[in-house]
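Note that the coordinates shown come from a computational prediction; the quantities given were computed from them, not determined experimentally.
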Amino acid sequence: MTVSPRRNRPRREEDPGLDAERARHGVPTVQQWRDGDWQVRAISGGASVKTYRCPGCDQEIRPGVAHLVAWPADDRGDLTDRRHWHSGCWRARDRRGPNLQRGRGAPRYG
């Protein structure tokens, strides 16, 4: 008669405190700027799967490029107010305004 060895270690369930989606996308932090408080979350290159346009430089943020997502921290905004920024553009936003590129035929005011 063959007997299998006894398992001495308890079976471990997956850690219920670990949220894989939250770990993948980063944890939002609140940052204070002249224009108010902002929730800011770092997006790793591996978690970046779409193309976005940075409001700071008006250039594309391609899939696979690490960047930040920012949205108002108070009740004046919702999920549609989230914007994806290059990390350097977000840090420099107090030193320069949005850089909107316009075509030659577009009006220069506004």
Measuring only between side-chain heavy atoms, which start at C-beta, is [X] closer than 4.5 Å to [Y]?
X     : Y     : value
Asp37 : Pro72 : no
Ser48 : His67 : yes
Ser87 : Arg91 : yes
Ile43 : Arg41 : yes
Arg83 : Tyr52 : no

Applying ring pair (Phe, Tyr, Trp, His ring centres under 6.0 Å), can you list everything that pairs with His86, at least two apart in sequence or on another chain?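 His86: no ring pair (Phe, Tyr, Trp, His ring centres under 6.0 Å) contacts found.
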Taking all heavy atoms of [X] and all of [Y], pick out the closest pair and write down the distance.
X     : Y     : answer
Arg34 : Asp94 : NH2-O, 2.7 Å
Leu68 : Ala42 : CD2-CA, 3.7 Å
Cys54 : Trp85 : SG-CA, 3.9 Å

Test side-chain contact (heavy atoms from CB on, under 4.5 Å) applied to Gln31 - qualifying residues, sequence neighbours left out: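 Result, side-chain contact (heavy atoms from CB on, under 4.5 Å) vs Gln31: Thr29, Trp33, Val40, Trp90.
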Would you please name every residue forming a side-chain contact (heavy atoms from CB on, under 4.5 Å) with Arg53, sequence neighbours left out?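 Scan of Arg53 (side-chain contact (heavy atoms from CB on, under 4.5 Å), adjacent residues dropped) gives Asp58, Glu60.
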Just how far is it from atom CZ of Arg93 to atom SG of Cys57, taken to the nearest 0.5 Å?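 One finds 14.0 Å between CZ of Arg93 and SG of Cys57.
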